[in-house]
Amino acid sequence: MKTLVILAHPDLEKSHANRMFAEKLKEHPEIDMHLLYRTYPAWQIDVSKEQELLLNNDRIVFQFPFYWYSCPPLLKKWLDDVLTFGWAYGPGGNKLKGKEFIVAVTTGSSEKSYQAGGGNFFTADEYLLPFRGAVLECGGIFLPPFIAYEATFHDDATLEKEAENYIAYIEAPASVLTH
Ligand SMILES: Cc1cc2nc3c(=O)[nH]c(=O)nc-3n(C[C@H](O)[C@H](O)[C@H](O)COP(=O)(O)O)c2cc1C
């Protein structure tokens, strides 16, 4: 199983949580990491290169900080540019069929706030429905998201532990994640 993490953070230097996750990921050479904002500072996405990357991996992880209940904008552009008609969906668009996808999000708010009647009104799973829809539309397998709640407020030791949990999660077989 080849796993690719597509990390979309607009400012990884200033990041606390996603940077810790990225540092830990570097200790796992079996997982490829793709820093979207570093690769495309001018936002000119190389579509064939990205599609090739997807073809070469079995599991794709979208890792990002939650920004207004969604992903930072370069990842949205990446989805729009890379998941093309006739390639990812539509007639003959079956290149992602059977691939596994995991969305991995860090948040500022607490888990408790992400529920009906809570400060954020809806669950994180509900906010992530557009990702689930996109994956299903492409014939992919949408595995349960990994959510690191309140990551903004964790100290280094807690974040390090969370990073280890994250890596164990994205390396776990689908059967374990969907039990
Ligand atoms: C523009 C912006 C929008 C944000 N929107 C949300 C949000 O909708 N929900 C939430 O829980 N946190 C939100 N946050 C907090 C970030 O998710 C949080 O700071 C980030 O996950 C921490 O990761 P980092 O240390 O890698 O930047 C937002 C932060 C910024 C800068």
Side-chain angles (χ1 to χ4, degrees), residues 3-45 50 53 57 59-83 100-136 142-172 177:
T3 299
L4 171 71
V5 173
I6 298 180
L7 200 175
H9 195 295
D11 194 351
L12 209 50
E13 301 302 317
K14 292 205 184 109
S15 153
H16 191 207
N18 285 274
R19 188 153 53 89
M20 176 69 86
F21 287 14
E23 289 304 319
K24 282 277 163 202
L25 277 167
K26 283 189 202 149
E27 296 170 14
H28 290 262
E30 74 280 10
I31 303 174
D32 282 335
M33 186 170 38
H34 181 27
L35 303 180
L36 222 49
Y37 277 88
R38 291 245 174 107
T39 310
Y40 298 115
W43 290 42
Q44 293 302 315
I45 293 170
E50 295 301 312
L53 265 179
N57 285 278
R59 177 177 283 181
I60 292 65
V61 180
F62 297 120
Q63 182 196 320
F64 55 87
F66 223 17
Y67 281 2
W68 283 110
Y69 308 117
S70 188
C71 62
L74 184 56
L75 179 56
K76 177 59 169 64
K77 184 177 193 302
W78 182 97
L79 293 167
D80 296 350
D81 289 3
V82 177
L83 306 185
E100 295 174 356
F101 290 82
I102 296 176
V103 173
V105 176
T106 60
T107 78
S109 301
S110 67
E111 181 167 12
K112 203 164 163 251
S113 72
Y114 279 101
Q115 60 176 317
N120 285 299
F121 316 105
F122 303 102
T123 66
D125 279 353
E126 286 169 328
Y127 282 117
L128 294 173
L129 274 175
F131 291 92
R132 187 171 173 187
V135 166
L136 295 180
F142 187 81
L143 294 172
F146 178 90
I147 318 280
Y149 291 103
E150 288 184 281
T152 323
F153 305 105
H154 291 331
D155 59 22
D156 279 357
T158 311
L159 269 184
E160 208 167 331
K161 189 87 200 77
E162 190 77 317
E164 279 158 14
N165 293 340
Y166 165 54
I167 290 164
Y169 189 93
I170 64 170
E171 292 206 304
L177 301 180

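Note that ligands are numbered from 1 as they come in the structure, with each ligand's atoms numbered from 1 the same way. In what follows, residues are counted from 1 in the order of the sequence shown.
Here CD1 of Ile170 is found 11.5 Å from CG of Leu143. Values are rounded to the nearest 0.5 Å. Distance OG1/Thr106 to CZ/Phe146: 10.0 Å, rounded to 0.5 Å.
Within 4.0 Å of ligand 1, contacts by protein heavy atoms are made from His9, Ser15, His16, Ala17, Asn18, Pro65, Phe66, Tyr67, Trp68, Tyr69, Thr106, Thr107, Gly108, Ser109, Tyr114, Thr152.
Considering only residues two or more places apart in sequence or on other chains, Gln115 meets the side-chain hydrogen bond (donor to acceptor under 3.5 Å, both in side chains) condition with none of them. Phe142 pairs by the ring-ring contact (aromatic ring centres under 6.0 Å, His included) definition with nothing, not counting sequence neighbours.
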I'd like a table of donor-acceptor pairs (distance under 3.5 Å, sequence neighbours excluded) in which one partner is a side-chain atom from residues 119-129, with atom names and distances.
| unit_1 | atom_1 | unit_2 | atom_2 | d |
| --- | --- | --- | --- | --- |
| Asn120 | OD1 | Tyr69 | OH | 2.7 |
| Asn120 | ND2 | Ser109 | OG | 3.1 |
| Asn120 | ND2 | Ser113 | OG | 2.8 |
| Thr123 | OG1 | Glu126 | N | 3.0 |
| Thr123 | OG1 | Glu126 | OE1 | 3.3 |
| Glu126 | OE1 | Thr123 | N | 2.9 |
| Tyr127 | OH | Asn120 | O | 2.5 |

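Electrostatic pairing of Glu13 and Arg38 counts as a salt bridge here, judged by a charged N lying under 4.0 Å from a carboxylate O.
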